[in-house]
Each structure stands twice: as structure tokens, then as C-alpha cells.
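Take this structure first; my questions come after.
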Amino acid sequence: MIFYYVKTGHRFGLENFRRAIAIIELLKNHKITLLTSDYRIADQVQREFKIESYGIDAPANISQVANRDDILIYDSDEHSEDLLAEMIKYFSKFIRISTLENDFICQVDNTTEFLINPYFENSKYSLQALPIREKFFTTHNKKYEKTLFFGDDDYKKYLLEIVKNSNFKDTNLILGFYYFLDYEDKLKNHFNQVFENEDYDEVIVNSKIVKTSSAQTALETLANGGKPIYIQRKDRSTNLNNFLQQFNIPILDLFSENYSTPKNYKPLNNQNKNNKNKQKKNDQNKKQNIKQNEKEKQQQIKMTKDKKQAEKLLKMVMQKEKENKQKKKKMIQIHKPKSGKFW
């Protein structure tokens, strides 16, 4: 079986979870059980995505539901070095997703983990990637000018502090998954339009400019042709900042109206689509090669047949010549006088 563990929660958000959905959708032909560190999102996944999922208190408890022969995809920073080593040894295949630029590939005894990291080059034990759902690599007529997604969590209510001193009346807001009802009510009056978290996908793909403190949202916005602006929160790591800058995504420390969106965003390629196109081209080349080989084979058969026919004809000619010689010899013998000259 394949298990997928992600770090989630009202203090961490759903950054890792959104990556997990992207990978699970890509691996739709495989049965994957999702394990989360939050029971609420596990229930939501069961209902919305029809994916088998369970809440797990901590990574150390994964072995209570998984066996040694199983595969584990792991997206979290909750482990110690000892726990990481134990997981690598325990599972038949251990795949870790990381956003650390200075990370390392861990090897325990003769077993090596496989690392998915946007900063690492492709190798036998690593894949340079950051998963994004296929649905975001589409183009839409943008009907929303400005949208804000502060993140799925805001336990310390940073956003409320910001909106009290800024004007967001021209901006739409997507509520976070972990926002409390009373907190949502306090935010609603500060924005043009407020969308529920369930509307996240539809609003992101239809927004021209998206301000967000989620690196995943910034990349999803860029994928569908929008203009993302990344806001560095106090309680968020800066792991992906260098990666975002590779695409000229502006990074701000605080919300400010004194900024301009760059005109030279670098496009985010759909690697899966590229791989599909490459596979399609390879399949076409393969078919063409098979066709060419079949043609050559037929020509070879034809040549072989022609050769056999030629050999048969040559054999017949040689046989005919032999018969003619024998006949001529016989004729000479018949007409040759028994003695004296022939006149």
C-alpha cells in the first residue's frame, strides 16, 4: 500500500496538503491513503475528494497503520534525525518532499530515501519539482481584479491587524480553512467580496492579481496566467523565497499599496504536461519506427521472396541448360556416324 503523510493544522495551514492533492491526482491509478496531523482536514478529504484519509497525532505513529512492505510519501518537518532514519529503514520505499535549499539526501545502511525538492537537480535519488495540481495549468477570462488569500490559518489574527490600517475595499478575500466564525465576521466588512474556502480553486483561476502569504497559492496563480504577489508572514518560513524569485514573483514584508506588479513574470511550466507531450512524441516516434521497421521487414520479405524466386528461376534455367546440353549431346550421338566422316 501507499501512504502519504502531511503536516497540517490550525497553526500550520494546508500548504503541504495542497501539494499532496496534486501528487495524489497525478497518481490516480494508485490507491493512496492520506494521513494528516489534523483530524478535521482528514474528514474533509473523505467528503470532498473521496480519498481515504486518517488523522495521525505524530509521524512516530504512522507505523500503527502502515507496514514494512508499504510505501510512504512524507511531507513534514516534524521528524528528528533518528526518526527519519527509522522511517527510511522501515518502509520499502520512502519518498520525502522538502523545500529546504540546503537539504540533503539521507542514506541509512544500504537504503536511500528519494527526495522531491525544487532546488535539487534530477538524479537517481532526487526529483527537481514542486507539485501543483493539473487544473491550475489552464487559462481563464479573469473576472476578479484583485484577490487576497492570507492563508488557511491565522491563529494570531495578523490579517485583522493589517486591514484595520489599510484599505482593501477593491480587493476580494478568500477565507482560510481554519478561520473561526467570529473572525470571519470581523474581516468581512473590510473587503469588496468574501469567498468561502470551498471557492478557493474557482476564485484563484479567475483572479488577475492575487496577494497571498502562501507560496503554493502564488505558484498556482502564476500557472494559470495570474499575477501573484507574495507576502512574507512573520510565522512563515522563507524556504521557498529564492524559488519564487526565480519566476520574478515580488516578495513583500508587509501589505502595501505602493507596489507595481512586474510585467516580466517567468512562466511556470507544467512538467507533467511536458512529460505527456514528450511521451506522446516518443510514442509517435515509436509508432513511426515500428511502421518503418515493418516496412523494412516487408521489403526484406519481398527481397527474400524475390531472391527465392530468382534462385528458383536460376535453378530452372540451369536445369533447362543442363537438359539442353544433354539433349544436344544426345542429338549429336544420334546423328554422328558410327564410323567415318559425316557427309
Side-chain angles (χ1 to χ4, degrees), residues 1-134 216 237 239 271-272 275:
M1 292 183 64
I2 302 175
F3 289 89
Y4 195 135
Y5 177 81
V6 290
K7 178 182 179 181
T8 58
H10 64 277
R11 290 179 180 271
F12 311 113
L14 297 176
E15 198 88 344
N16 301 16
F17 166 77
R18 295 186 188 281
R19 291 198 290 263
I21 295 300
I23 290 181
I24 291 173
E25 287 180 346
L26 284 173
L27 300 175
K28 58 187 177 183
N29 294 328
H30 300 271
K31 184 182 178 183
I32 299 177
T33 300
L34 185 66
L35 307 175
T36 68
S37 52
D38 166 54
Y39 290 88
R40 182 183 166 191
I41 190 62
D43 293 337
Q44 181 77 9
V45 170
Q46 292 270 21
R47 294 193 304 270
E48 184 176 345
F49 296 97
K50 310 301 179 186
I51 298 171
E52 186 177 359
S53 58
Y54 303 98
I56 298 291
D57 293 329
N61 295 330
I62 296 175
S63 59
Q64 294 181 5
V65 295
N67 298 313
R68 285 187 176 275
D69 293 334
D70 294 331
I71 296 171
L72 178 66
I73 305 172
Y74 180 84
D75 191 350
S76 177
D77 59 359
E78 300 166 89
H79 56 272
S80 64
E81 287 188 12
D82 290 340
L83 179 58
L84 178 61
E86 287 298 320
M87 288 190 292
I88 292 171
K89 288 192 296 183
Y90 185 83
F91 293 99
S92 63
K93 190 72 177 179
F94 182 79
I95 303 165
R96 183 165 61 92
I97 299 171
S98 165
T99 58
L100 282 172
E101 193 168 2
N102 60 343
D103 208 338
F104 57 89
I105 297 172
C106 184
Q107 185 177 46
V108 181
D109 298 330
N110 295 323
T111 307
T112 306
E113 68 172 340
F114 188 87
L115 187 69
I116 299 175
N117 186 304
Y119 297 111
F120 274 54
E121 293 183 357
N122 294 333
S123 72
K124 182 179 179 181
Y125 299 112
S126 62
L127 174 67
Q128 186 179 30
L130 193 69
I132 295 173
R133 293 177 70 188
E134 188 86 23
Q216 189 71 16
S237 75
N239 289 353
Q271 192 62 42
N272 185 49
N275 289 339

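Atom set for the values below is all heavy atoms of this structure, side chains included, hydrogens, waters and symmetry mates excluded.
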Would you please name every residue forming a side-chain contact (heavy atoms from CB on, under 4.5 Å) with Q107, sequence neighbours left out?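 side-chain contact (heavy atoms from CB on, under 4.5 Å) list for Q107, sorted by chain: T112.
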
Treating Q46 as the side-chain partner and S53 as the backbone partner, does any N or O pair qualify as donor plus acceptor under 3.5 Å?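 Side chain of Q46 to backbone of S53, a donor-acceptor pair under 3.5 Å: yes, one is there.
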
Could you pull out the closest heavy-atom pair between F91 and A66, with the gap in Å?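 The answer is CE2-CB, 3.6 Å.
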
Counting C-beta onward and ignoring hydrogens, is there a side-chain heavy-atom pair between P59 and H79 closer than 4.5 Å?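 Counting from C-beta outward, P59 and H79 never come under 4.5 Å.
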
Enumerate the residue pairs fulfilling ring-ring contact (aromatic ring centres under 6.0 Å, His included) with a member in residues 6-31, sequence neighbours excluded, ordered by first and then second residue.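 Residue pairs passing ring-ring contact (aromatic ring centres under 6.0 Å, His included), neighbours aside: H10-Y155.
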
Between N239 and L100 (side chain of the first, backbone of the second, donor and acceptor by atom type, cut-off under 3.5 Å), is there such a pair?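 Judged by distance alone, no pair lies under 3.5 Å.
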
So how far is it from I97 CD1 to I95 CD1, rounded to the nearest 0.5 Å?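 Reported value, rounded in 0.5 Å steps: 8.5 Å.
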
Can L115 and S98 be said to form a side chain to side chain contact (heavy atoms under 4.5 Å, CB included), step by step? CA-CA 7 Å; L115 187 69; S98 165; 3.8 Å; yes

Of the non-hydrogen atoms in R47 and K50, which two are nearest, and what is the gap between them?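 Nearest heavy atoms, R47 then K50: O-NZ, 3.2 Å.
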
Per the side chain to side chain donor-acceptor pair (under 3.5 Å) rule, what does the pair list look like for residues 85-94, sequence neighbours excluded?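 Qualifying pairs: none.
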
Contact between T99 and D77 at the side-chain level, heavy atoms closer than 4.5 Å - yes or no?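 Heavy-atom side-chain distance check fails, nothing below 4.5 Å.
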
Closest heavy-atom pair and its distance - Y5, S76: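 Minimum heavy-atom separation between Y5 and S76: CE2-CB, 3.8 Å.
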
To the nearest 0.5 Å, tell me how far Y4 OH sits from I23 CD1.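 Reported value, rounded in 0.5 Å steps: 3.5 Å.
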
Per the side chain to side chain contact (heavy atoms under 4.5 Å, CB included) rule, which among I41, I2, V45 passes with L34?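 Testing each of I41, I2, V45 against L34, the sole residue satisfying side chain to side chain contact (heavy atoms under 4.5 Å, CB included) is V45.
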
Shortest non-hydrogen contact between Y39 and G55, atoms and distance: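 That would be CE2-O, 3.3 Å.
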
Before you tell me yes or no, could you show the steps for Y74 and E113 under side chain to side chain contact (heavy atoms under 4.5 Å, CB included), namely the whole-Å CA-CA distance, both residues' side-chain angles and the distance that decides it to 0.1 Å? CA-CA 11 Å; Y74 180 84; E113 68 172 340; over 6 Å; no

Over all heavy atoms of both residues, which pair between E101 and F120 is shortest? Give the atoms and the distance, please.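 In terms of heavy atoms, the two residues are closest at O-CE1, 4.3 Å.
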
With R96, the side chain to side chain contact (heavy atoms under 4.5 Å, CB included) member among I105, L84, I116, I73: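 Only match with R96 under side chain to side chain contact (heavy atoms under 4.5 Å, CB included): L84.
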
If the condition is side-chain contact (heavy atoms from CB on, under 4.5 Å), which residues does N16 pass it with, not counting sequence neighbours?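 Only V6, K7, R19, D75 meet the side-chain contact (heavy atoms from CB on, under 4.5 Å) criterion with N16.
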
Could you list all the salt bridge (Lys or Arg N to Asp or Glu O under 4.0 Å) pairs where at least one residue sits in residues 52-73, not counting sequence neighbours?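 Sorted result for residues 52-73: K31-E52.
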
What are the two closest non-hydrogen atoms of V108 and C106, and how far apart are they?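 What the structure gives for the nearest pair is CG2-SG, 4.0 Å.
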
Nearest 0.5 Å please: distance from the CD atom of E134 over to the CD atom of E25.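 Taking CD in E134 and CD in E25, the distance rounds to 9.0 Å.
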
side-chain hydrogen bond (donor to acceptor under 3.5 Å, both in side chains) partners for Q216, two or more places apart: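 Checked Q216 against side-chain hydrogen bond (donor to acceptor under 3.5 Å, both in side chains); zero matches.
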
How long is the span from the CG atom in L83 to the CD1 atom in I88, to the nearest 0.5 Å?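 Answer rounded to 0.5 Å: 10.0 Å.
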
Residue pair Y54, Q64: steps toward the side chain to side chain donor-acceptor pair (under 3.5 Å) verdict: CA-CA 12 Å; Y54 303 98; Q64 294 181 5; over 6 Å; no

Working to the nearest 0.5 Å, report the span between CG of L14 and CD of Q44.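 So the gap between those two atoms works out to 9.5 Å.
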
How long is the straight-line distance from CD1 of I56 back to CG of N61, given to the nearest 0.5 Å?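 N61 atom CG to I56 atom CD1 measures 6.5 Å (nearest 0.5 Å).
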
